[in-house]
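Encoded as structure tokens, the structure appears first; notes follow it.
Throughout, a chain's letter reflects where its sequence line sits, starting with A, and its residues are numbered from 1.
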2 protein chains.
Amino acid sequence: MSSHDSVQEQAHAPRRSKITPERAQEFYTAVLDLLRESGYESLTMEGVASRTRCGKSTLYRQWGSKPELVVAALHSTRRMLLSHIDTGSLAGDLREAAQAIGAGSGRDTPLMHALSHAALQSPELLCALREALILPELAALDAMVRRAMERGEIPRDNPAAEFVSAQLLGVMRARPLLEAKIADAAYLTRFVESAIFPALGLDPADTGS
Amino acid sequence: MSSHDSVQEQAHAPRRSKITPERAQEFYTAVLDLLRESGYESLTMEGVASRTRCGKSTLYRQWGSKPELVVAALHSTRRMLLSHIDTGSLAGDLREAAQAIGAGSGRDTPLMHALSHAALQSPELLCALREALILPELAALDAMVRRAMERGEIPRDNPAAEFVSAQLLGVMRARPLLEAKIADAAYLTRFVESAIFPALGLDPADTGS
DNA sequence: GCGTTTCGGTACACTGACGTATCGGAAGAC
DNA sequence: GTCTTCCGATACGTCAGTGTACCGAAACGC
């Protein structure tokens, strides 16, 4: 599963590295934290080394370079904030999604901001960012909409359905610039109920409960 | 008007600088182009100097440092893409806005991407970015909504009205990450008609013509 | 226990960018 | 036409980050 053979499990076999998977995860979380704090350009190998109390040599031995380390760190996070949601109604699903995104926005929004520009310049990084943070949530949202269509809650050709995920991701990234505030659960819930429900033709009173 | 007295008009008065306002504008457009191409962190004074065929000394004499140069460049652009729009109906205004944003997205979207993270770390830069690119368009969109309320097209307490600008700015920034494509006029028009119109309760056939 | 391996830490060369200083030369003032 | 001023260019010192090389020491295999 790991893309680096040098990070190996503690089996009886070769066992040539003392970097256990747990230790590797420490590196990854340090990388992600530093990304959130200062952004991709300001992330330094020295910074990662000092925060994880290891030598730069270890980082270069295991990952080779800064872009590879960041990609590996992203691959280790595969957040599935929304994939478990299935309340039985689209309105309920979207409310839950707003709550979940809002709750996790302290982690994911800064990461997005930190990486979005760098990702648009490096295909490797864009791919890793999409796989780690974007596609899983996108798939979950699309699944909500698809289930709603199958249940007949919304018509299959509802033109607003295409834009549900773009809007959620969008306002999440727009609010910090517009109002200098993170898009929290309350804001996202209000947005979902005020803008997405009517666009989809959903009855706001239908909570799925 | 200019925030830098050292860049003076060609009046008969002191005239101590050979940097005419036109020359200053050349510097600013070079800065903005480089920002779009490579982002804020990768923007270098040497890069600006070589592109404008001037010495670094000139840049430091006039603007002092890279952040100040970027802020000055932003102040020089005050785009008013949407402020002139007034078709007489909200639907028409929003269609026009989608067209205008789509037409200018080749210029403004990359700038946004390049500056959004840097802006969230530097209050000066955030302020300049908001004044140059965000607030003018935000004001124009709010004015459209306000006019529609005064005309009675939408109720004054329409809950979706609050999110119009956030939605437009949002999808503009979300699409490159979701679909690896710039949000062009066609996409934005489809979005406005499919998502924003129904959310506001507008009749899509009402074009204001 | 002993040898091997790899980690953590430091020192090092190299690069790139910032910001300063200096200088020749051209444009403008008079 | 001369003199002053400021531009464009370059060289320089400084600093920060990359990636490499090396070394002592701790952990693991046997």
Given atom [atom1] of [X] and atom [atom2] of [N], what is their separation to the nearest angstrom?
X: A:L34; N: D:dG17; atom1: CG; atom2: P; value: 12 Å
X: B:Y60; N: D:dC7; atom1: OH; atom2: C1'; value: 17 Å
X: A:L59; N: C:dC7; atom1: CG; atom2: P; value: 11 Å
X: A:I19; N: D:dC28; atom1: CD1; atom2: C1'; value: 15 Å

Counterpart residues, salt bridge (Lys or Arg N to Asp or Glu O under 4.0 Å), relative to [X] (two or more places apart):
X: A:K66; result: none
X: B:D33; result: B:R36
X: B:R173; result: none

Is a side-chain N or O of B:S122 found less than 3.5 angstrom from the main chain of B:A118, in a donor-acceptor match? no
A:S165 side-chain N/O to A:L141 backbone N/O, donor-acceptor pair under 3.5 Å: no
Spell out yes or no: do the side chain of B:K56 and the base of C:dG19 have one donor N/O and one acceptor N/O closer than 3.5 Å? yes
Decide whether B:E22 and B:T20 meet the rule of one side-chain donor and one side-chain acceptor closer than 3.5 Å. yes
Residue closer to the 5' end of DNA chain C, B:S57 versus B:K66 (nearest nucleotide): B:K66
With a cut-off of less than 4.0 Å, is there a side-chain N or O of [X] near OP1 or OP2 of [N]?
X: A:T58; N: C:dG8; value: yes
X: B:Q62; N: D:dC6; value: no
X: B:R23; N: D:dG8; value: yes

If you restrict it to nitrogen or oxygen atoms, what contacts under 3.5 Å exist between nucleotides 23-27 of chain C and the protein, and what is each distance?
residue: C:dA27; atom: O4'; partner: B:K18; partner atom: NZ; Å: 3.4

Between side-chain atoms of residues 125-133 of chain B and protein atoms elsewhere (two or more places apart, or another chain), which donor-acceptor pairs fall under 3.5 Å?
residue: B:R130; atom: NH1; partner: A:L177; partner atom: O; Å: 2.7
residue: B:R130; atom: NH1; partner: A:L178; partner atom: O; Å: 2.8

How long is the span from the CG atom in A:L59 to the CD atom in A:E46, to the nearest 0.5 Å? 10.0 Å
Out of curiosity, B:E162 CD to A:Y187 OH, how far, rounded to the nearest 0.5 Å? 6.0 Å
Would you jot down, in residue-number order, the residues of residues 38-47 of chain B having a non-hydrogen atom under 4.0 Å from DNA chain C? B:L43, B:T44, B:M45, B:E46
